[in-house]
Trainee: 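Take this structure, written in structure tokens, and hold onto it; I'll ask about it next.
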Amino acid sequence: MGEIEFSRGINWKDIGSVTTEKYVPREIELRWQQRWEVDKLYQSSVDVTRQKFYFLTMLPYPSGDLHIGHWYAMTPSDARARYLRMRGYNVVFPIGFDAFGLPAENAAIKRNVHPKEWTYQNIENMRGQLRTMGAMWDWEREAVSCDPDYYRWSQWFFLQLYKHGMAYRKMSPVDFCPNCNTTLAREQVWGDDRHCERCETAVVKKDLEQWFFKITDYADELLDFSKLDWPERVQRLQTNWVGRSEGAHVTFHTESGDALEVFTTRPDTLWGATFMVIAPEHPLVESVTTDRHRKAVESYVAAAVRQTDIQREAADKEKTGVFTGGYAVNPVNAERIPIWIADYVLVTYGTGAIMAVPAHDERDFAFARHFGLEIRPVVQSEDEFFEADGVTMMEPNMHPGMMINSGPLTGTPADQAVVRTIAWLEERGCGKGAVNYRLRDWLISRQRYWGAPIPITYCTKCGAQPVPESQLPVLLPDDIEWRPTGESPLKYHPSWQHTACPTCGGAATRETDTMDTFMCSSWYQYRYLSPDYQDGPWDLEEFSYWMPVDTYTGGIEHATMHLIYTRYFTKALRDIGILDFDEPMLQLRNQGIILGEDSEKMSKSRGNVVAPDSLVEKYGADAVRSYLMFFARWDQGAPWSGSGIEGVYRWLQRVWRIANDKNIININASRAQAQDRPVRDLRRKVHQTIQQVTYDLENFEFNTVISALMELTNALNTARKDGMVGREVYLEGVETLLKLMAPVTPHISEELWERLGRPYSVHQQSWPVADAEAAAAEEITLVLQVNGKVRDRIVVPADISADLAQARALESKHVQRYLDGQDPKKVIYVPGRLVNVVP
RNA sequence: GGGGCAGUGGCGGAAUUGGCAUACGCAGCGGACUUAAAAUCCGCGGGGGAAACCCAUGUGGGUUCAAGUCCCACCUGCCCUACCA
């Protein structure tokens with residue numbers, strides 16, 4: 001190891017031009033981080049004379065360790081926030097923790113550490129790790145969702161929703177994760193095997209009394225993205241999630257007179273309904289079933305309910321079902337059609353009952369063939385020359401066509417079929433146009449301890465009663481035993497749930513379920529602005545100045561969870577009158593995912609996890625930050641490369657050298673001596689780089705920010721060696737480079753800025769403005785093509801006229817060779833780029 | 001089954017409005033410095049060919065003076081969704 005020491009010694013002796021010490025990132029980074037903090041450099045405050053900018057990145061969950069993915073999400077966002085600050089905006093860039101949730105409780109069960117202790121320890125640890133990034137967080141605004149000061153307002157919002165009829169309790173079949181021992185929202189159940197978003201265990205259905213928010217009231221409004229600059233992909237995911245479909249509600253009647261309503265998108269096929277199917281859980285199962293069929297029906301229903309969704313929804317599963325013995329009457333033609341029960345009809349969608357039109361629906365067709373039911377075509381497609389026939393048809397006809405066999409509507413052309421049928425139904429009062437959504441109300445009850453208690457009490461006399469606002473927060477008790485029973489541990493606390501009814505004062509019990517953590521993260525962007533405010537969820541002065549969020553960044557995995565909930569939440573608060581805008585976050589951008597070096601998803605079990613802490617230790621935060629911006633398109637992500645980071649580290653060392661080099665002082669004495677051409681070339685590069693970096697930061701194209709900065713560094717390095725540009729111009733270049741680097745690599749920029757003797761702080765400088773004249777090329781290389789193929793290149797003045805450019809092109813020997821002495825048929829001139837000669 | 005995104009050197013990627021394909025970097029090769037190595041610096045770098053040139057952006061067509069970029073079909077990979085009436 002002594003050899004290394006020795007080699008370091010040689011370094012300074014041999015390279016005469018280097019007269020300063022080496023770049024030791026950790027040393028300068030720690031020093032500047034402390035200085036910025038002492039100076040409160042990044043503390044933001046309301047200033048109505050300035051244009052505000054609220055820049056937000058999704059708040060982290062305090063898992064205990066800052067992952068490289070956090071860095072990837074946060075440092076480019078920080079760079080852009082810093083850039084906007086230099087552009088003169090009053091920027092707020094807050095941070096906090098989404099601190100309630102299952103992992104804390106699982107740690108408690110596994111390692112016998114209190115969830116609270118586990119969470120706060122992790123937060124403390126992550127605060128330290130976050131500080132190493134050198135981001136411009138305003139720590140004064142930090143909010144932690146498990147603080148009573150925070151969840152008090154989560155509970156308060158619950159009460160507001162409750163009072164306005166937007167929160168309700170209902171018994172319903174819900175998704176339950178047997179591993180996490182809690183119910184889940186529809187949004188937290190993923191994949192074709194219907195697994196828990198967190199632990200990947202297959203969910204089961206349970207009938208439970210649960211609390212819901214009426215997000216479905218906002219289904220249509222959630223489809224409106226006109227006020228938002230959000231990625232198409234997120235818009236599409238949310239649109240599909242809401243799943244709006246237009247059609248009609250049609251009321252059939254059972255023979256005993258019960259109304260049996262169905263939803264259909266194809267009312268025009270009503271005359272082709274040959275049977276009905278209701279879900280096994282449908283309320284009419286009991287009454288439509290005849291005694292003769294009761295036994296078969298009961299066993300089918302019991303089996304269906306026992307099955308998981310996975311089994312029921314297996315795509316290639318053969319259709320199953322059972323006849324009830326009952327019949328319904330088709331309102332359009334008074335026909336008597338049999339009522340079946342089948343699990344392909346879902347009780348949770350539409351009305352839980354369908355009219356089956358096997359001639360024009362794949363599922364109904366398969367079912368009808370399987371059970372030998374009638375198939376009656378009622379639509380004849382224009383391109384079908386054969387007679388539609390239910391006995392011979394091989395597959396249902398899904399194509400548009402003219403209505404046939406449809407009584408009074410026979411002959412209606414395809415483009416009017418649906419509209420006219422609905423009008424006809426409405427006239428007769430047996431149906432009406434309707435819209436149905438896939439979206440379901442947001443289930444917020446969780447049978448877990450580590451969450452905000454739902455502020456409701458149950459009184460034997462008065463029923464469910466909201467906890468009075470003056471009694472908030474309903475505190476979580478600390479002394480608790482964790483038993484994964486499928487019920488909230490709060491239920492087993494000896495005294496906590498017993499309380500007095502707020503209405504009659506009699507004995508009452510508290511709701512023991514806690515709230516979904518997505519409730520806490522639906523409004524954190526508001527609390528950040530005044531986290532210590534006691535008289536309301538926020539300080540109106542801060543709120544009205546900063547809101548809404550101008551730019552929001554985070555992962556796309558939240559498209560149909562957090563991002564849909566927080567939009568809903570804002571709209572609900574607007575309608576209650578608590579705030580006055582429609583959307584919480586105006587611009588959204590998503591980062592991609594970093595994979596391990598083996599191109600696999602990073603995981604401890606694969607052993608391919610990249611630890612940011614050790615990278616920072618080795619290369620410094622600035623190198624890690626710039627590498628994360630450089631190595632991939634930010635919105636796409638890529639596999640990590642351990643050797644790649646060496647490249648940006650080398651770049652920073654080169655910057656260090658060119659800015660520190662004491663020869664700067666001697667780089668030719670004056671502008672007079674400096675050579676005109678190299679001066680103009682260097683200045684052009686400097687101003688082109690300003691244009692490029694500005695454009696790229698505006699557009700979230702961080703990888704090309706770094707390559708542009710590298711190119712400028714290379715140009716400065718060449719200029720330094722050639723020694724032909726003069727001190728003044730060289731320094732203009734170095735200073736501009738440092739300012740352009742400041743958002744990306746805040747520490748080294750600040751250090752070198754100071755070493756150049758410039759006034760503190762580089763982060764308080766204004767963003768360089770490109771001089772368009774300096775950036776403009778004087779000479780351009782004109783590409784000469786014949787028939788679109790490059791044959792020659794000539795250097796011409798940038799402002800060359802079209803005529804002259806074409807003339808010069810035709811003079812070229814290489815062009816003439818292809819012309820064979822003939823006049824060209826056509827000559828195309830693209831100014832500043834090329835001449836294409838077509839012979 | 002349905003929908004979407006992507007495919008460019010050995011690798012990550014660039015090409016902003018249809019106009020020089022491969023910027024920037026990694027890895028590699030050659031050189032300088034060194035007793036040697038590391039570090040650093042300089043240079044080379046899609047494939048074929050002696051050269052003129054030819055061929056290359058997943059494959060095959062098309063539009064155009066000109067296509068990585070636009071259109072059609074297909075292949076591969078990834079993501080979302082899934083009996084949604």
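Every chain is numbered from 1, with letters handed out A, B, ... down the list of sequences.
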Trainee: So what does A:N714 touch, heavy atoms closer than 4.0 Å: a base, only the sugar-phosphate, or nothing?
Mentor: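 If one applies the 4.0 Å heavy-atom cut-off, A:N714 turns out to touch the sugar-phosphate alone, with no base involved.
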Trainee: Can you find a side chain N or O atom of A:R650 that sits less than 4.0 Å from OP1 or OP2 on B:C26?
Mentor: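 Yes.
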Trainee: Ring-plane angle category for A:F371 and A:W340, please: parallel below 30°, perpendicular beyond 60°, tilted otherwise.
Mentor: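 Tilted, since the angle between the ring planes falls between 30° and 60°.
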Trainee: Please determine, for the side chain of A:K826, which listed nucleotide (B:C65, B:C20, B:C83) has the closest atom?
Mentor: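 Looking only at heavy atoms from C-beta outward on A:K826, the closest nucleotide is B:C65.
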Trainee: Looking at A:W241, I'd like to know if the NZ or CZ of A:R438 sits under 6.0 Å from its six-membered ring centre while staying within 45 degrees of the ring's axis.
Mentor: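 Satisfied, under 6.0 Å and within 45°.
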Trainee: Classify A:V783 by what it touches in the nucleic acid, base, sugar-phosphate, or nothing, heavy-atom distance under 4.0 Å.
Mentor: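 The residue A:V783 makes base contact.
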Trainee: Using a 4.0 Å heavy-atom cut-off, does A:D361 contact any base of the nucleic acid, only the sugar-phosphate backbone, or nothing at all?
Mentor: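 Since no nucleic acid heavy atom lies under 4.0 Å of A:D361, the category is nothing.
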Trainee: Of the options B:G12, B:C84, B:A23, whose atoms approach the side-chain atoms of A:R440 most closely?
Mentor: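 So the side chain of A:R440 is nearest to B:C84.
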Trainee: Name the residue closer to the 5' end of RNA chain B, choosing between A:N699 and A:M710 according to the nucleotide with the nearest heavy atom.
Mentor: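 Nearer the 5' end of the strand: A:N699.
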Trainee: Verify, without hydrogens or angle tests, whether A:D635 (side chain) and A:Q591 (backbone) share a donor-acceptor contact under 3.5 angstrom.
Mentor: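 Answer holds: no.
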Trainee: State which of B:G19, B:A85, B:U40 makes the closest approach to the side chain of A:L346.
Mentor: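 When the side chain of A:L346 is considered, B:A85 is the closest of B:G19, B:A85, B:U40.
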Trainee: Does the B:C84 base have a donor-acceptor partner in the side chain of A:R438 within less than 3.5 Å?
Mentor: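 No, no donor-acceptor pair under 3.5 Å.
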Trainee: Would you say the side chain of A:K319 and the base of B:C83 hold a donor-acceptor pair, judged only by whether the two atoms sit under 3.5 Å apart?
Mentor: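 Counting by modelled atom types and ignoring angles, a donor-acceptor contact under 3.5 Å is found here.
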Trainee: Name the nucleic acid region contacted by A:F630, choosing base, sugar-phosphate or nothing; use a 4.0 angstrom heavy-atom cut-off, strictly under.
Mentor: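 Counting heavy atoms under 4.0 Å across all strands, the contact made by A:F630 includes a base.
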Trainee: Reckon A:L237 touches a base, only the sugar-phosphate, or nothing at all at heavy-atom distances under 4.0 Å?
Mentor: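 Sugar-phosphate contact only.
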Trainee: Name the nucleic acid region contacted by A:S245, choosing base, sugar-phosphate or nothing; use a 4.0 angstrom heavy-atom cut-off, strictly under.
Mentor: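 A:S245: backbone/sugar contact only, no base atoms under 4.0 Å.
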Trainee: Look at all strands and tell whether A:Q785 reaches a base, only sugar-phosphate, or nothing, counting heavy atoms closer than 4.0 Å.
Mentor: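 The answer is base, as A:Q785 lies within the cut-off (heavy atoms under 4.0 Å) of a base atom.
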Trainee: Only Watson-Crick and G-U wobble pairs with both distances less than 3.5 Å should count. Give RNA chain B in dot-bracket notation, marking inter-strand partners with |.
Mentor: (((((((..(((......[....))).(((((.......))))).(((....)))..(((((..]....))))))))))))....
Trainee: Under 4.0 Å, heavy atoms only, any strand: does A:Q692 hit a base, just the sugar-phosphate, or nothing?
Mentor: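 Base, at least one base atom sits under 4.0 Å.
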Trainee: What nucleotide among B:U16, B:C84, B:C53 has an atom nearest to a side-chain atom of A:R363?
Mentor: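 Given the options B:U16, B:C84, B:C53, the side chain of A:R363 is closest to B:C84.
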Trainee: For A:V830 and A:N787, take the nucleotide of RNA chain B holding the closest heavy atom to each; which residue's nucleotide lies nearer the 5' end?
Mentor: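 Taking each residue's closest nucleotide, the earlier one in sequence belongs to A:V830.
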Trainee: Check whether any side-chain N or O of A:K721 sits under 4.0 Å from OP1 or OP2 of B:C42, and answer yes or no.
Mentor: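 Answer is yes, contact under 4.0 Å.
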Trainee: Base, sugar-phosphate alone, or nothing: which one does A:F365 contact when heavy atoms must sit under 4.0 Å apart?
Mentor: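 It contacts nothing in the nucleic acid.
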Trainee: Counting only heavy atoms not in A:R833, do more than 12 sit closer than 6.0 Å to its CZ atom?
Mentor: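 No, not enclosed.
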Trainee: A:R793 near the nucleic acid: base, sugar-phosphate alone, or nothing, with a heavy-atom cut-off under 4.0 Å?
Mentor: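 A:R793: base contact, heavy atoms under 4.0 Å.
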Trainee: Counting the atoms with a prime plus P, OP1 and OP2 as sugar-phosphate, which does A:R654 contact under 4.0 Å by heavy atoms, base, sugar-phosphate, or nothing?
Mentor: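 Sugar-phosphate only.
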Trainee: Looking at A:R817, I'd like to know whether one of its side-chain N or O atoms comes within less than 4.0 Å of OP1 or OP2 on B:C53.
Mentor: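 For B:C53, OP1/OP2 do have a side-chain N/O of A:R817 under 4.0 Å.
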Trainee: Report yes if a side-chain nitrogen or oxygen of A:K789 is closer than 4.0 Å to either non-bridging phosphate oxygen (OP1 or OP2) of B:A21; otherwise report no.
Mentor: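 The answer is no; no side-chain N or O of A:K789 sits under 4.0 Å from OP1 or OP2.
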